Amino acid sequence: MYKRKCMKYELPELKFSFEGLEPNIDSKTVEVHYTKHHQGYLNKTNELLEKYPELMEKSIEELLSDLNSIPEDIRQGLVNVGGGYYNHNIYWETMTGEETEIPSDLVEKINSKWGSVDSFKETFTENAMKLFGSGWVWLVQSDTELEIVSSKNQENPISNGKYPLLGIDLWEHAYYLKYQNRRNEYIDSWFKVIDWNAVEKRIRV
Ligand code: MN3
């Protein structure tokens, strides 16, 4: 019998090799980002929750969706390291080395909100360019509507009732080795490795 109290969160497997996103995202960045940063957030999340093992019976998504239910002494810690763990899960899940097209249902939703896919990309890029400090920009679902929102540090919009479909990591560790200060090039390149089928699968009906 599987004992849930022994459960720890795990690192999701990458769908691609470290080289798999080349030349858009370089292999060294993927390797360090996944094996050091993401792994680090995971380890710290598991450590943080050792004190409250009953919380481990819930998914990280459930915990971050309901921060008021988290004991106060670990609440901000969970936002920081649990958010870091969850954000990177989504980041890798919605990337691929294969070129994908936006499924037509999603194109329709994007068009009805932003007028066109190009105008969506433009708005998303503007938000990503103007984000100050470390954080993320997200495509989220709030009720049935799509929205673009930013989050600082490792916060996730799910804590504000908005479900993340896609997010770009704008911490410098996500792009500095290859792009240095050229954040715009990183954003353009990231758009080329989005797994739109994975994004669509995240939509909640
Ligand atoms: Mn990161």
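Counting convention: from 1, in listed order, for ligands and their atoms alike. Every value quoted in this text rests on a predicted model; they were computed, and no experiment measured them.
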Using residues 18-25 as the side-chain source, report each donor-acceptor pair under 3.5 Å to any protein atom, sequence neighbours left out, with the distance given to one decimal.
unit_1 : atom_1 : unit_2 : atom_2 : d
E19    : OE1    : S17    : OG     : 3.4
E22    : OE2    : S27    : N      : 2.8
E22    : OE2    : S27    : OG     : 3.4

Write down the atom of I168, the atom of A128, and the distance for their closest heavy-atom approach. CG2-CB, 4.5 Å
Distance criterion under 2.8 Å: protein N/O/S atoms around the Mn ion (ligand 1): 4
Just grab all the side-chain hydrogen bond (donor to acceptor under 3.5 Å, both in side chains) pairs involving residues 41-53, residues at least two apart or on different chains. Q39-N43, Y41-Q154, K51-D73, Y52-D73
Taking the inter-plane angle between the rings of Y85 and H38 on a 0 to 90° scale, is it parallel (under 30°), tilted (30 to 60°) or perpendicular (over 60°)? tilted
Exercise answer: donor-acceptor pairs, residues 99-109 side-chain atoms, under 3.5 Å, sequence neighbours excluded:
unit_1 : atom_1 : unit_2 : atom_2 : d
T100   : OG1    : I194   : O      : 2.9
T100   : OG1    : W196   : N      : 3.0

Close side-chain approach of L165 and W138, heavy atoms under 4.5 Å: no
